[in-house]
Amino acid sequence: MKNFAYTQFTGDDDDDFFTSAEELLDLLKDFLFLTDGDVDQALEMLRDSGLFGDDEHADRVIQRIRSILEKAGFIDSDGNFTQLSDKGLRIVSEQTLEELLSSIQRGHTGHHETPYKGAGDIFTGEDKTWEFGDHLNLDITRTFQNAFIRGGIHLPIELEEEDLQIIQTEHQSQCATVLMLDISHSMILYGEDRFTPAKKVAIALAHLIETKYPQDSLDVLLFYDDARQISVREIMSSQVGPYYTNTKAGLALAQRLLAKQNCDNKQIIMVTDGKPSAIWHQGEIVRHSWVDPWIIHETLLEAEKCRSKGITINTFMLARDMPLVEFVQRQTQITKGKAYFTSPHTLGQYLLIDYMNQRHKKIV
């Protein structure tokens with residue numbers, strides 16, 4: 001959480017406290033994720049943090065903060081529940097992305113890669129001598145210059161093959177992604193909240209794609225005893241429950257969502273901390289807390305379906321339990337994807353780098 005300097009608050013002049021509603025929202029942001037987007041609970045947690053001194057003074061500060069956020073249009077009240085407005089959610093998403101990117105070195109960014117030429121081509125400013133098989137993206141100035149150097153300046157200009165100079169391009173392809181978030185009970189067990197960082201990453205990734213990769217698509221789903229799609233707005237209010245981990249249901253739903261996208265690059269990003277432990281069978285849910293070879297086998301069959309459809313699965317493991325590691329290793333081998341051992345603290349860095357740090361491919 002960021003630190004802010006402030007003076008004694010009187011309640012009469014905005015200049016006595018924060019002058020920027022966005023700074024206030026940034027101060028409240030972490031509490032909003034902890035309270036699943038409940039603004040009133042987040043303000044209460046901020047009040048109890050001790051940042052604003054004694055109870056009476058803290059009460060006045062919190063009341064003023066709420067007033068400023070309302071005036072800025074950052075929060076909406078619906079009965080007894082106050083949540084972020086669309087404007088407020090957009091600001092929090094931007095702040096969350098900036099927070100996660102701040103720890104990533106600039107050299108780790110990149111674009112998506114395909115071997116095909118199309119509307120997404122980006123001119124690199126580099127050129128080369130034309131060779132047989134190259135696309136004829138002709139650099140007229142350099143081509144004529146080569147001809148003049150070789151044969152002198154005269155009309156008509158006589159071009160030789162060796163004079164031809166072409167511009168190299170890079171292709172930025174469309175990429176369709178489904179982000180799978182595990183909400184099984186283990187995501188908050190053992191004194192470690194693994195789900196709040198996952199929600200932050202989901203919010204940040206959605207904002208990254210919307211603002212930096214508008215040609216891409218992102219769908220988000222939760223998997224537990226079953227699986228269901230959620231909107232970006234629902235990410236913050238999502239909660240872990242007393243569930244097992246039905247990875248197969250998540251992969252099946254992800255495939256249905258990706259089938260709606262008309263592009264070549266399709267991927268599933270899975271964030272989980274547990275092995276598959278649940279599966280639907282003959283209309284009933286089967287749950288086993290131990291390692292069940294049948295559940296593992298059926299889930300890997302679903303991963304094979306992903307491979308047959310050209311869908312890559314990249315998995316971010318928030319635990320190092322051997323059953324989880326063995327399952328992810330087998331799944332990764334099947335789909336030719338990637339697997340990362342990470343922690344709640346580093347999840348955002350790994351996931352965003354993986355998304356952005358695709359290799360540039362020159363198209364000539």
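Only this structure's heavy atoms are used, side chains among them; waters, hydrogens and symmetry mates stay out. The model shown is predicted, which means the values in this text are computed figures rather than measured ones.
Note: Phe316 and Tyr340 have parallel aromatic rings, judged against thresholds of 30 and 60 degrees for the angle between ring planes.
Using a 3.5 Å distance cut-off with no hydrogens or angles, the side chains of Lys305 and Gln255 do not pair a donor with an acceptor. Side chain to side chain, Gln267 and Thr312 fail the donor-acceptor criterion of an N or O pair below 3.5 Å. Defined by atom type and a distance below 3.5 Å, a donor-acceptor pair is missing between the side-chain atoms of Asn265 and Gln174. Checking Asp76 against Ser85 by side-chain atom types alone, no donor-acceptor pair falls below 3.5 Å. For the residue pair Thr96 / Ser93, no side-chain donor-acceptor distance below 3.5 Å is found, with atom types taken as modelled. In this structure, a donor-acceptor pair under 3.5 Å is absent between the side chains of Thr299 and Thr247.
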(request) Kindly determine whether Leu318 and Met187 satisfy side-chain contact (heavy atoms from CB on, under 4.5 Å), including the steps that lead there. (result) CA-CA 9 Å; Leu318 295 175; Met187 291 288 281; 3.9 Å; yes

(request) Begin from the C-alpha positions of Asp273 and Ser184 and carry the test side-chain contact (heavy atoms from CB on, under 4.5 Å) through to its verdict. (result) CA-CA 9 Å; Asp273 73 338; Ser184 61; 4.0 Å; yes

(request) Given ring pair (Phe, Tyr, Trp, His ring centres under 6.0 Å), test Tyr213 with Tyr355 step by step and report yes or no. (result) CA-CA 11 Å; Tyr213 302 97; Tyr355 191 86; 5.7 Å; yes

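Using a 4.5 Å cut-off between side-chain heavy atoms of Ile, Leu, Val, Met, Phe, Trp and Tyr, with links allowed through other members, Leu205 and Met270 fall into different hydrophobic clusters. Residues Leu347 and Phe341 fall into different hydrophobic clusters, defined by Ile, Leu, Val, Met, Phe, Trp and Tyr side chains chained together at heavy-atom separations under 4.5 Å. Residues Val271 and Ile235 are members of one and the same hydrophobic cluster, defined by side-chain heavy-atom contacts under 4.5 angstrom among Ile, Leu, Val, Met, Phe, Trp and Tyr. Under a hydrophobic clustering in which Ile, Leu, Val, Met, Phe, Trp and Tyr are joined whenever their side-chain heavy atoms come within less than 4.5 Å, directly or via other members, Val220 and Met180 fall into different clusters. Cluster membership for Leu301 and Ile268, using ILVMFWY side-chain heavy atoms within less than 4.5 angstrom, is not shared.
Gln95 is not listed as a side-chain neighbour of Leu100, based on a closest heavy-atom distance of 4.5 Å or more. A 4.5 Å side-chain heavy-atom check between Phe33 and Met236 finds at least one atom pair inside the cut-off.
Atom CG of residue Leu24 and atom CZ of residue Arg64 lie 10.0 Å apart, to the nearest 0.5 angstrom. Here Asp55 contributes atom CG and Ile62 contributes atom CD1; the two are 11.5 Å apart, rounded to the nearest 0.5 Å. Taken from CD in Glu23 to CG in Leu27, the straight-line distance is 9.5 Å, to the nearest 0.5 Å. Here the CD atom belonging to Gln239 is positioned 11.0 Å from the CG atom belonging to Leu222, to the nearest 0.5 angstrom. In this structure, the separation between CG on Asp26 and CD on Glu98 is 8.5 Å, given to the nearest 0.5 Å. Atom SG of Cys175 and atom CG of Asp216 lie 5.0 Å apart (nearest 0.5 Å).
At a threshold of 4.0 Å, the pair Lys29-Glu99 counts as salt-bridged, since one of the basic side-chain nitrogens sits closer than that to a carboxylate oxygen. Checked for salt-bridge contact, Lys199 and Asp36 meet the test: a charged N lies under 4.0 Å from a carboxylate O. A salt bridge does not link Lys260 to Asp219: none of the charged side-chain nitrogens sits closer than 4.0 Å to a carboxylate oxygen.
Taking Asp48 as the reference, Glu44 meet the side-chain contact (heavy atoms from CB on, under 4.5 Å) condition, with sequence neighbours excluded. With sequence neighbours left out, His288 forms a ring-ring contact (aromatic ring centres under 6.0 Å, His included) with Trp290. The side-chain contact (heavy atoms from CB on, under 4.5 Å) search around Ala58 returns Arg47, Phe52, not counting sequence neighbours.
Distance alone, capped at 3.5 Å, places no donor-acceptor pair between the Thr82 side chain and the Val39 backbone. Panel note: side chain Asp321, backbone Leu324; no donor-acceptor pair is recorded below 3.5 Å. A donor-acceptor distance shorter than 3.5 angstrom exists from the side chain of Thr35 to the backbone of Phe31, with no hydrogens or angles considered. Looking only at distances, a side-chain donor or acceptor of Lys266 sits under 3.5 Å from a matching main-chain atom of Leu258. Under the 3.5 Å distance criterion, the side-chain polar atoms of Glu234 are matched with a main-chain donor or acceptor of Ser231. In this structure, Asp193 contributes its side chain and Ile188 its backbone to no donor-acceptor pair below 3.5 Å. Judged by distance alone, with hydrogens and angles left aside, the side-chain atoms of Lys275 form a donor-acceptor pair with the main-chain N or O of Ser289 at under 3.5 Å. Side chain of Lys248 to main chain of Ala303: no donor-acceptor pair is present (N/O by atom type, distance under 3.5 Å, no hydrogens or angles).
Within 6.0 Å of atom CG in Asn262, 12 or fewer heavy atoms from other residues, nucleotides or ligands are found, so the atom counts as exposed in its surroundings. Annotation: Arg66, atom CZ; neighbour count of heavy atoms from other residues, nucleotides and ligands within 6.0 Å is above 12.
Screening Gln331, Lys338, Gln329 for a side chain to side chain donor-acceptor pair (under 3.5 Å) involving Thr315 leaves a single residue, Gln331. Applying the ring-ring contact (aromatic ring centres under 6.0 Å, His included) test between Tyr224 and each of Tyr243, Phe195, Tyr244 identifies Tyr243 as the sole match. Checked options Leu253, Leu257, Ile311, Ile269; the residue passing with Val178 is Leu257 (criterion: side-chain contact (heavy atoms from CB on, under 4.5 Å)).
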